[in-house]
Amino acid sequence: MFSDCYYPRVNGVVVSVHSFVQELVNRGHIVKVITVEYPEDYQFNRKGYSDAGLIDSPNFSLNRLSSKEIIFSKEDRLVRLKQWHILKGILDEFQPDILHINSEWLVGYFGAIYAHHRKVPCIFTFHTLWEDYIQNYAPILREKISKKIGRDIVKFYLKTANHILAPTPQTAQTVRKYGIDTPVELLPTGIPESMFKLNEAGVERMREEVFSHFPQLKDRKILLFAGRVAKEKNLPFLLPVLKRVNQLLEKSPSTSGDTTKRAALLVAGDGNFMQDLKDLVEQQQLAQDVFYLGYVERDDLASLYHLADVFTFPSKTETQGLVTVEAMTAGLPVVAIGEMGTIDVMQGDNGGFMVPEDVEIFSQKVFQLLTDGTLYQEKSRAGRAWSRRWGMSALTDRLEAAYATCIADHRAGKKTGGSELDKALSATTVLTIIGLGYIFG
């Protein structure tokens, strides 16, 4: 498994890679993760992750390559280019049956090069629509240029892979839009089976932790956001929503005059936009209504869902938006903006409401859930049922089948990723991937 990010970094790619690795190891596969190193004082390691505590199995190994901080993304790291020779020795000793690339920067590039040189079958998961995403990291670029860079980087991996995994129908369609005819398998990230089980002790611990830190929340309606606190998550949108929901609650006969029934926003996560968010909260005089938990481990997050009243998700740039389905496993109704991955995961008003980016519409749906008990229970039950589609066990069955097909096709000579390598390397790809390696390596 190749990924340019892994724990203690937390994002959707990390969760996907780690979840599948855990399940594959449990099934007896021998899995090596190739990723970047993080410094001991990595500022986003809020929960004290250590490699020793990730997966306790002789079938799991982890190799971190020397890396350097990226100026435009403080949470992320870039592998030093000279690490290629070290990695080649590691993989020659490991003798992989298949390589699975999960990211598009230097770690992923090393995987593609190794597959080419050693004629090893290679599968690529198209996690990120960089065409729409890259400008969040490089706003100085003109949109037309950033889109071309994003397209060229992704097309390199799509052309070099023997098989492609697409987490959503949208990414699968993009493969064909780019003119790639490589086999594509639709495979979303799964949800661990543990998240479907109510851990009453864990919920009680989380209740004590949250309410001891924020006693003001005890009698409030809690709107929960969980995820990275990054600009692209569109968190400022929730501030006018919070104001409007409280206006509606104040006028509602069931809550009028009762200040304890006001809604509060609880942010579970951290990231490079946190200080900007706090500044906006202060500017909009919402400091008494917005609370920050910082990073929450996944097991604890499963318990946290049981404390909230509505899961509010404003992001418009998700590849999957799987966190909405995670909330549903706890029976927590969701109100989310229906764009990109969220559309593919929720597919309408399943387990909540999927709405446009409109403060009034979003606020009205949150208000309805907070004040209509019958509606709330209907959405809660529907969400639990809907979330079962994303169980990790069934999805790992499909991943194993994709691996087997990829290996068989490679042996049969149906497609060799390496044969496409030279054609796939555009000038933009070289300048972006290799150029960054020289600059930071």
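Partners of Val21 by side chain to side chain contact (heavy atoms under 4.5 Å, CB included), not counting sequence neighbours, listed by chain and number: Met1, Val17, Val25, Val31, Val33, Ile55, Phe60. Residues that satisfy the side-chain hydrogen bond (donor to acceptor under 3.5 Å, both in side chains) test with Glu378, not counting sequence neighbours, are absent from this structure. Asp51 is linked by a salt bridge (charged side-chain N to carboxylate O under 4.0 Å, His left out) to Arg64, counting only residues two or more places apart in sequence or in another chain. Ser66 is linked by a side-chain hydrogen bond (donor to acceptor under 3.5 Å, both in side chains) to Arg80, counting only residues two or more places apart in sequence or in another chain. Here Tyr292 pairs with nothing under the ring-ring contact (aromatic ring centres under 6.0 Å, His included) rule; sequence neighbours left out. With sequence neighbours excluded, the residues that form a side chain to side chain contact (heavy atoms under 4.5 Å, CB included) with Asn199 are Ala201. The side-chain hydrogen bond (donor to acceptor under 3.5 Å, both in side chains) check on Lys316 picks up Glu357, with sequence neighbours excluded. Ser315 is linked by a side-chain hydrogen bond (donor to acceptor under 3.5 Å, both in side chains) to Glu318, counting only residues two or more places apart in sequence or in another chain. Here Asp289 pairs with Arg220, Arg262 under the salt bridge (charged side-chain N to carboxylate O under 4.0 Å, His left out) rule; sequence neighbours left out.
Sorted by first and then second residue, the salt bridge (Lys or Arg N to Asp or Glu O under 4.0 Å) pairs with a member in residues 15-28 read Glu23-Arg27, Arg27-Asp397, Arg27-Glu400; sequence neighbours excluded. The ring-ring contact (aromatic ring centres under 6.0 Å, His included) analysis of residues 324-345, with sequence neighbours excluded, yields no pairs. Screening residues 272-283 for salt bridge (Lys or Arg N to Asp or Glu O under 4.0 Å), with sequence neighbours left out, gives no hits.
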Trace of the side-chain hydrogen bond (donor to acceptor under 3.5 Å, both in side chains) decision for His29 with Asn59: CA-CA 7 Å; His29 298 285; Asn59 286 350; over 6 Å; no

Audit row: Arg244, Ser363, side-chain hydrogen bond (donor to acceptor under 3.5 Å, both in side chains) steps and yes/no: CA-CA 6 Å; Arg244 180 59 180 145; Ser363 303; 5.7 Å; no

Salt bridge (Lys or Arg N to Asp or Glu O under 4.0 Å), that's the test. Do Arg207 and Glu204 meet it? Break it down for me. CA-CA 5 Å; Arg207 189 187 309 279; Glu204 190 54 38; 3.6 Å; yes

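The aromatic rings of His100 and Tyr403 stand perpendicular to each other, their planes meeting at an angle above 60°, with 30° marking the opposite boundary. Ring-plane geometry between Trp390 and Trp386 is classed as tilted, the angle between the planes lying from 30 to 60 degrees on a 0 to 90 degree scale.
For Phe362 and Phe353, the ring centers sit 6.0 Å or farther from each other. Here Tyr38 and Tyr6 keep their ring centres 6.0 angstrom or further from each other.
Leu224 pairs in a side-chain contact (heavy atoms from CB on, under 4.5 Å) with only one of the listed residues (Leu304, Thr312, Val267), which is Leu304.
Proximity of a side-chain donor or acceptor of Arg384 to a complementary backbone N or O of Ala330 within less than 3.5 Å is detected. For Asp270 (side chain) and Gly294 (main-chain N/O), no donor-acceptor pair under 3.5 Å exists by modelled atom type.
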